[in-house]
*Asks:* 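Attaching a single structure in structure tokens format; questions to follow.
Chain letters run A, B, ... following the sequence lines, proteins first and then strands; every chain starts at 1.
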Amino acid sequence: MPELPEVETTLRGITPHLVDHQIVAVVIRNPKLRWPIPNNLDALLHGQVVRGLQRRAKYILITFDHGTLILHLGMSGSLRILPVGTLPQKHDHFDLVLEDGELLRLRDPRRFGAVLWHTGEVAQHPLLAALGPEPLQQDFDGEYLHRTTRTRSAVIKQVIMDSHLVVGVGNIYANEALFRAKIRPQLAAHKLSLPRCQKLAQCIKEVLLEAIEQGGSTLRDFVHSDGSSGYFQQSYFVYGRTGKPCRVCGTPIKQVRQGQRSTFYCLQCQK
DNA sequence: AATCTTTCCTGCCGGC
DNA sequence: TGCCGGCAGGAAAGAT
């Protein structure tokens, strides 16, 4: 379940192992992800040097002189740095082998992830071109949220999870941010006042930043370890806590269904 | 068997 | 009537 904080933590973990290193082989064991992994990647990348890594939304972008490798972890993907020769396990679909004896390995049991190649300006890739602002950047703020929700009659939780409006807010952090902002998830987006939009934008930033910090401390050695273990053991205020007492007021946490997703909230704290 | 996860796509709606 | 933004629902795989 990689949400933005886990993608950011992964990016920070793998970056020093990749930047300035040369690709000596690309291994595709199963190309059938959300879209097929291009079968000419080995020819494209052999001998090329990684120039940099970035994150855009939940995409990891690996920059080369002649193009960009775009990775997405989907719902179940993880990336690890391992010594060359480490035996692949069942869902290890893709490796980038480096000249220094390490490799980057993608594991993705549910195969909703992606490995794509793009030449030219990566921001213009069809998957990236229409994305909204990054939640942690300054151009995402209460004024922006207020302005862009005036025409939106959908419920606020759905709207903050819309990647055209703002990227990187998945189900867990949408629930947590709304709790922190004391806003009912089923409120129509256009009914939120400017002050409440400001509060919500701030809370989205806070929950994501705190999760990134926690990821950084709990997953410091994730690169060589068993992947996601531990990361999502952080304690939530509402997510997954149906029927348990609200950590603020004690009222049992309610669970409802919104757009095929579970929503958790406190009837007392959120209005 | 239902549920959970991400995000793109299709089809439909109402407003102008 | 045609266009468009907005919105709901569906789809993908596998573990539990």
Side-chain angles (χ1 to χ4, degrees), chain A residues 1-11 29-37 55-61 70-79 88-94 106-116 118 124-135 144-177 185-192 204 208 211 215 226-229 231-234 236 238-243 253 255-264:
Chain A
M1 310 146 253
E3 292 230 21
L4 184 143
E6 188 170 354
V7 176
E8 179 67 28
T9 301
T10 297
L11 178 82
R29 290 183 206 83
N30 183 356
K32 289 190 273 185
L33 301 185
R34 181 166 191 162
W35 299 281
I37 301 177
R55 179 186 60 73
R56 173 72 173 113
K58 294 174 186 170
Y59 295 92
I60 287 175
L61 311 175
I70 301 174
L71 305 182
H72 197 285
L73 301 179
M75 305 206 291
S76 61
S78 58
L79 288 168
Q89 297 185 32
K90 188 174 178 185
H91 302 294
D92 291 343
H93 306 309
F94 176 80
L106 172 69
R107 174 176 301 175
D108 187 3
R110 292 170 212 175
R111 295 195 278 115
F112 283 14
V115 177
L116 301 167
H118 183 72
Q124 282 164 30
H125 187 279
L127 290 171
L128 307 183
L131 293 176
E134 289 286 329
Y144 170 85
L145 189 57
H146 188 254
R147 176 168 18 101
T148 52
T149 52
R150 291 313 83 193
T151 58
R152 307 291 297 265
S153 59
V155 298
I156 185 61
K157 175 167 179 257
Q158 302 270 64
V159 168
I160 60 175
M161 292 176 69
D162 177 357
S163 64
H164 301 284
L165 188 109
V166 59
V167 300
V169 183
N171 199 30
I172 294 172
Y173 296 104
N175 279 295
E176 293 298 307
Q186 45 281 80
L187 208 60
H190 68 260
K191 292 201 169 175
L192 282 176
I204 288 171
L208 292 174
D226 210 18
S228 57
S229 64
Y231 186 71
F232 283 104
Q233 287 170 10
Q234 69 183 91
Y236 300 121
V238 287
Y239 184 80
R241 298 195 67 244
T242 312
I253 297 300
Q255 177 178 359
V256 296
R257 206 80 185 149
Q258 288 182 318
Q260 303 156 288
R261 324 288 294 266
S262 289
T263 291
F264 305 89

*Asks:* Can you measure A/Y173 atom OH to B/dT7 atom C1' for me and round it to whole angstrom units?
*Replies:*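 So the two atoms are 18 Å apart, to the nearest Å.
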*Asks:* When the distance from CE of A/M161 to P of C/dC7 is rounded to whole Å, what number comes out?
*Replies:*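 Computing the A/M161:CE to C/dC7:P distance gives 15 Å.
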*Asks:* Do any side-chain nitrogens or oxygens of A/Y59 fall under 4.0 Å of OP1 or OP2 in B/dT6?
*Replies:*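 For A/Y59, the contact criterion (side-chain N or O under 4.0 Å from OP1 or OP2 of B/dT6) is not met.
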*Asks:* Check A/V169 against A/I160 and note the closest heavy-atom contact, atom names and distance.
*Replies:*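 Heavy-atom minimum between the residues: CB-O, 3.4 Å.
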*Asks:* Where along nucleotides 10-16 of chain C does protein come under 4.0 Å, by heavy atom, of base (B) or sugar-phosphate alone (S), with - for untouched nucleotides?
*Replies:* B-BBBS-
*Asks:* What residues form a side-chain hydrogen bond (donor to acceptor under 3.5 Å, both in side chains) with A/Q186, not counting sequence neighbours?
*Replies:*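 Partners of A/Q186 under the side-chain hydrogen bond (donor to acceptor under 3.5 Å, both in side chains) test: A/Y265.
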*Asks:* Please identify each residue that fulfils side-chain contact (heavy atoms from CB on, under 4.5 Å) with A/T242, with sequence neighbours left out.
*Replies:* A/Q255, A/F264
*Asks:* Between B/dT6 and A/S163, is there an OP1 or OP2 to side-chain N/O distance shorter than 4.0 Å?
*Replies:*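 No.
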*Asks:* Taking only residues two or more places apart in sequence, or in another chain, which ones meet A/R111 in a salt bridge (charged side-chain N to carboxylate O under 4.0 Å, His left out)?
*Replies:* none
*Asks:* Looking at B/dC4, I'd like to know if its phosphate oxygens (OP1 or OP2) sit under 4.0 Å from a side-chain N or O belonging to A/R257.
*Replies:* yes
*Asks:* What is the distance, to the nearest angstrom, from the CG atom on A/N171 to the P atom on B/dT7?
*Replies:*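 About 12 Å, once rounded to whole Å.
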*Asks:* If I take atom CG from residue A/L79 and atom CG from residue A/L11, how far apart are they, to the nearest 0.5 angstrom?
*Replies:* 9.5 Å
*Asks:* Just call it for A/L73: base, sugar-phosphate, or nothing, with non-hydrogen atoms closer than 4.0 Å on any strand.
*Replies:*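 It contacts nothing in the nucleic acid.
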*Asks:* Among residues at least two apart in sequence or on other chains, which ones pass side-chain hydrogen bond (donor to acceptor under 3.5 Å, both in side chains) with A/N171?
*Replies:* A/K157, A/N175
*Asks:* So which heavy atom on A/R56 is nearest to which on A/G132, and how close?
*Replies:* NH2-O, 2.8 Å
*Asks:* Of all of residues 145-157 of chain A, which get a heavy atom below 4.0 angstrom from DNA chain C, listed by number?
*Replies:*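 A/T151, A/R152, A/S153, A/A154, in order of number.
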*Asks:* In the 5'-to-3' direction, what one-character label does each nucleotide of nucleotides 9-16 of chain B receive under the scheme B = base within less than 4.0 Å of a protein heavy atom, S = sugar-phosphate only, - = no such atom?
*Replies:* --------
*Asks:* Over all heavy atoms of both residues, which pair between A/P109 and A/S76 is shortest? Give the atoms and the distance, please.
*Replies:* CD-O, 3.3 Å
*Asks:* Go through the structure and list residues passing side-chain hydrogen bond (donor to acceptor under 3.5 Å, both in side chains) with A/R29, not counting sequence neighbours.
*Replies:* A/D95
*Asks:* For A/D162 and B/dT6, give me the distance from atom CG to atom P, rounded to whole Å.
*Replies:* 14 Å
*Asks:* Taking side-chain contact (heavy atoms from CB on, under 4.5 Å) as the test, write out the residues that go with A/P135, two or more places apart.
*Replies:*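 Listed in chain order: A/L4, A/F140, A/V166, A/V167, A/I204, A/L208.
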*Asks:* Hey, could you give me the CD1/CD1 distance between A/I60 and A/I70, rounded to the nearest 0.5 Å?
*Replies:* 12.0 Å
*Asks:* Check DNA chain C for consecutive Watson-Crick or G-U pairs with both distances under 3.5 Å and list the runs of at least three as stems.
*Replies:*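 Output for stems: B:2-16 with C:2-16.
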*Asks:* Who are the side-chain contact (heavy atoms from CB on, under 4.5 Å) partners of A/Q158, not counting sequence neighbours?
*Replies:*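 For A/Q158, the residues satisfying side-chain contact (heavy atoms from CB on, under 4.5 Å) (neighbours in sequence not counted) are A/V155.
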*Asks:* I'd like to check the side-chain hydrogen bond (donor to acceptor under 3.5 Å, both in side chains) partners of A/R152; sequence neighbours left out, ordered by chain and number.
*Replies:*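 Listed in chain order: A/D162.
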